[in-house]
Amino acid sequence: MTNDTNEKESLDFIRHIVAEDCKSGKWGGEVVTRFPPEPNGYLHIGHAKAFGIDFGVAAEFGGRCHLRFDDTNPTKEEREYVDAIQEDIRWMGWDWGEHLYYASDYFGQMYEYAKELIRKGLAYVDDQTPEQIRRGRGTLKQPGVESPYRDRPAEESLDLFQRMKGGEFPDGSRVLRARIDMTSPNMNLRDPVMYRILHATHPHTGDAWCIYPMYDWAHGLEDSIEGVTHSLCSLEFENHRPLYDWFIDAINQGRTDDGSGEWGKTIRHPQQIEFARFNLTYTVMSKRVLRELVEGGHVSGWDDPRLPTLRGMRRRGYTPQALREFLSRVGVARFVSTVDLGLLEFCLRDHLNKVAPRVMGVLNPLKVVITNYPEDQEETLEAINNPEDESAGTRQVPFSRELYIEREDFMEDPPKKFFRLTVGKEVRLRYAYFITCTDVVKDDDGNVVELHCTYDPATRGGDAPDGRKVKGTLHWVSAKHAVPCETRLYDRLFTAEDPMDVPEGGSFTDNLNSESDKTVTAMVEPDVADKPAGWRCQFERNGYYITDPDSQLGKPVFNRIVTLRDSWAKIKKKG
RNA sequence: AGGGGAUUGGUGUAACGGUAGCACGAAUGGUUCUGGUCCAUUUAGUCGGGGUUCGAAUCCCUGAUCCCCUGCCA
């Protein structure tokens with residue numbers, strides 16, 4: 001790449017800011033970001049956008065990105081997710097090196113900071129019930145009222161807080177609150193809860209604690225402690241930023257850069273930048289709704305190939321490269337976008353076209369007998385593995401007297417633009433011979449059950465020496481050599497662009513696509529029999545497929561990743 | 001007594017007061033042993049109304065619409 005070809009690379013607004021900061025030396029040229037998932041569920045494509053920004057920005061500016069589990073609520077978090085999340089991020093191609101952290105590792109430090117705020121008169125222990133606190137908070141349009149415990153002496157709060165930690169009080173009996181402003185128009189600043197009592201075993205810290213920090217108190221401190229420079233998150237945390245700022249400023253009150261003051265050295269104040277999430281047409285992304293799909297049995301599990309979870313997409317056969325390309329095309333902005341599923345499909349096809357070996361597989365077989373082909377003769381023909389990649393080489397495909405072709409590739413009564421097989425017409429069998437249909441065999445109900453054709457031996461390999469052309473080329477498979485394969489023709493999970501858009505009283509489950517997981521037995525050329533799970537290929541003229549983990553040696557199970565573009569379907573639809 | 005954000009072709013995203021561009025989609029044509037790929041052409045946009053300015057998607061005022069905020073969730 002030469003510099004003089006540079007169409008000036010256009011940066012999204014976050015990279016703009018980071019680039020500016022690097023130029024101005026705001027953080028000494030340092031860039032530290034982080035991805036802070038709560039280990040309480042599986043990651044989906046929306047998360048992949050977020051951590052793609054976090055890891056991507058760090059990588060592009062020579063910085064680093066931490067993976068930090070935001071495990072401040074032991075009642076909702078599980079070890080299993082810690083492992084699953086790491087697996088998914090790695091699969092997407094990102095790496096945090098040794099920078100794997102847990103918010104719970106900082107509980108001790110946060111506890112010290114909390115006591116400091118109490119001493120400074122900036123936090124207090126509140127004895128009100130949850131209900132009283134809720135009512136005291138006021139509403140969006142009504143100011144809150146101050147807690148009767150708000151002005152209790154710092155010494156008393158300190159004592160109570162330490163005893164909260166000591167386990168003297170039951171869950172829900174007391175909380176530590178920040179002393180900010182009960183009349184703030186920003187609800188987050190109406191004396192938010194910093195600590196609650198939770199006698200629960202934590203997946204990472206065990207029983208070491210019975211008080212746990214709230215997200216809002218903890219999050220900014222986690223970033224600060226880790227030396228994060230740019231704290232990138234989604235839009236809904238914008239309203240919380242003033243609170244994070246307040247907490248850091250409160251801790252820094254009385255601190256100095258050289259640590260000479262009463263409270264020691266100032267702590268880092270990372271810059272939070274918010275960006276918008278996105279929606280994908282014909283799918284759902286909210287954790288709650290995904291859970292409903294899984295638990296309601298509408299899908300087979302969190303790795304159902306129709307789900308936008310990273311596990312689901314992985315099983316479906318989506319490639320991380322395509323997903324990354326997709327996310328980069330989605331971009332980063334402050335507007336909640338609805339991205340066309342078609343864009344994702346484009347990225348998938350674009351990548352798979354370059355890397356997926358071709359194979360012939362017949363999904364809906366119709367038997368063809370080549371009547372002038374010797375009864376017990378068979379031969380192999382050379383086929384190109386990938387016309388987009390010469391290095392993929394060629395393979396030998398067996399041919400014999402009885403074949404399967406796609407039922408849709410034959411019509412007795414074809415419309416004008418039908419280039420495929422019909423009685424009396426000649427087509428090419430890909431890499432094999434020209435054939436002409438002579439007879440149609442039907443059952444008692446008049447259904448076509450078999451075709452009789454003749455072949456032209458001179459066209460071996462698929463070219464006519466006399467130069468005559470045929471309009472259609474069909475894929476096929478030798479009947480006696482074909483491997484019957486369970487093949488799952490996955491399609492979009494919902495029939496509606498926005499599945500959550502339902503009439504009064506309806507449910508998003510009404511929009512479920514009943515055709516989204518049709519299974520057929522495809523006849524596939526014999527080469528595929530010994531492929532391991534996770535092998536991707538293109539069924540020529542049809543789509544891209546991957547062998548599912550359910551595959552057994554000799555018995556592959558295929559998942560459809562995405563269909564090929566189908567301009568014949570468009571012509572048909574137009575009539 | 002409410003506050004915080006946002007709005008550019010059908011979709012996504014650029015243009016930091018100076019030619020509204022790119023991509024997906026759609027349409028048309030070409031190439032082709034995949035009705036795939038590839039190539040070419042076309043399509044279509046600054047939320048409305050005022051203002052500032054030589055010049056506004058960009059700045060100001062105003063209106064509309066959408067999103068977020070009343071967990072001891074994150």
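Letters go in sequence order (proteins before strands), and every chain restarts at 1.
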Using a distance-only test with no angle check, is there a side-chain donor-acceptor pair under 3.5 angstrom linking [X] and [Y]?
X      : Y      : value
A/T129 : A/E131 : no
A/R428 : A/T473 : yes
A/Y42  : A/E80  : yes
A/Q538 : A/E540 : no

Within the pair A/K570 and B/rA26, is there a side-chain N or O less than 4.0 Å away from OP1 or OP2? yes

B/rA6, OP1 or OP2 - any side-chain N/O from A/R334 closer than 4.0 Å? yes

Look at all strands and tell whether [X] reaches a base, only sugar-phosphate, or nothing, counting heavy atoms closer than 4.0 Å.
X      : result
A/T338 : sugar-phosphate
A/E274 : nothing
A/R420 : base
A/V332 : sugar-phosphate
A/F539 : nothing
A/K354 : nothing

Between CZ of A/F51 and CG of A/L67, what distance do you get to the nearest 0.5 Å? 9.5 Å

Determine the Euclidean distance between corresponding [atom1] atoms of [M] and [N]; express it in Å to zero decimal places.
N      : M      : atom1 : result
B/rA14 : B/rA20 : C1'   : 10 Å
B/rG17 : B/rA56 : C1'   : 6 Å
B/rG55 : B/rU19 : P     : 15 Å
B/rC39 : B/rU52 : P     : 49 Å
B/rG45 : B/rG10 : C1'   : 11 Å
B/rG49 : B/rU70 : P     : 36 Å
B/rC38 : B/rA23 : P     : 13 Å
B/rG9  : B/rA57 : P     : 14 Å

Set of side chain to side chain donor-acceptor pair (under 3.5 Å) partners for A/T183, sequence neighbours left out: A/D181

Sequence neighbours excluded, the answer for side chain to side chain donor-acceptor pair (under 3.5 Å) partners of A/Y282 is none

Tell me if B/rG36 is syn or anti. Syn = glycosidic torsion within 90° of 0, anti otherwise. anti

Distance in angstrom units between [X] [atom1] and [N] [atom2], rounded:
X      : N      : atom1 : atom2 : answer
A/D566 : B/rG35 : CG    : C1'   : 7 Å
A/E325 : B/rU13 : CD    : P     : 15 Å
A/D181 : B/rA1  : CG    : P     : 15 Å
A/I384 : B/rU34 : CD1   : P     : 10 Å
A/K417 : B/rU28 : NZ    : C1'   : 11 Å
A/F275 : B/rG5  : CZ    : P     : 18 Å
A/D409 : B/rU34 : CG    : P     : 13 Å
A/I14  : B/rU13 : CD1   : C1'   : 14 Å

Run through A/Y404, A/Y433, A/F399 and flag the one making a ring pair (Phe, Tyr, Trp, His ring centres under 6.0 Å) with A/W476. A/F399

Is it true that A/E408 and A/R420 make a salt bridge, defined as a side-chain N closer than 4.0 Å to a carboxylate O? no

Would you mind telling me which residue lines up with the more 5' stretch of RNA chain B, A/N386 or A/H16, judged by nearest nucleotide? A/H16

5'-most by nearest nucleotide on RNA chain B - A/R190 or A/T459: A/R190

Quick one: which residue pairs count as a side-chain hydrogen bond (donor to acceptor under 3.5 Å, both in side chains) with a foot in residues 330-347 of chain A, not counting sequence neighbours? A/E238-A/R334

Sequence-aligned protein contact record of nucleotides 63-74 of chain B, with B where the base is within under 4.0 Å of a protein heavy atom and S where only the sugar-phosphate is: -----BBBSBSB

Heavy atoms under 4.0 Å is the rule here; annotate nucleotides 38-44 of chain B 5' to 3' with B where the base is hit, S where only the sugar-phosphate is, and - elsewhere. -------

Stem ranges of RNA chain B by first residue number, counting only runs of at least 3 Watson-Crick or G-U pairs under 3.5 Å, come to B:2-7 with B:64-69, B:10-13 with B:21-24, B:25-30 with B:38-43, B:47-51 with B:59-63

Give me the ring orientation class for [X] and [Y]: parallel if the planes are under 30° apart, tilted from 30 to 60°, perpendicular past 60°.
X      : Y      : answer
A/H202 : A/H204 : perpendicular
A/W209 : A/F107 : perpendicular
A/Y244 : A/H219 : tilted

Pi-cation contact, A/Y111 with A/K165 (under 6.0 Å, within 45°): yes

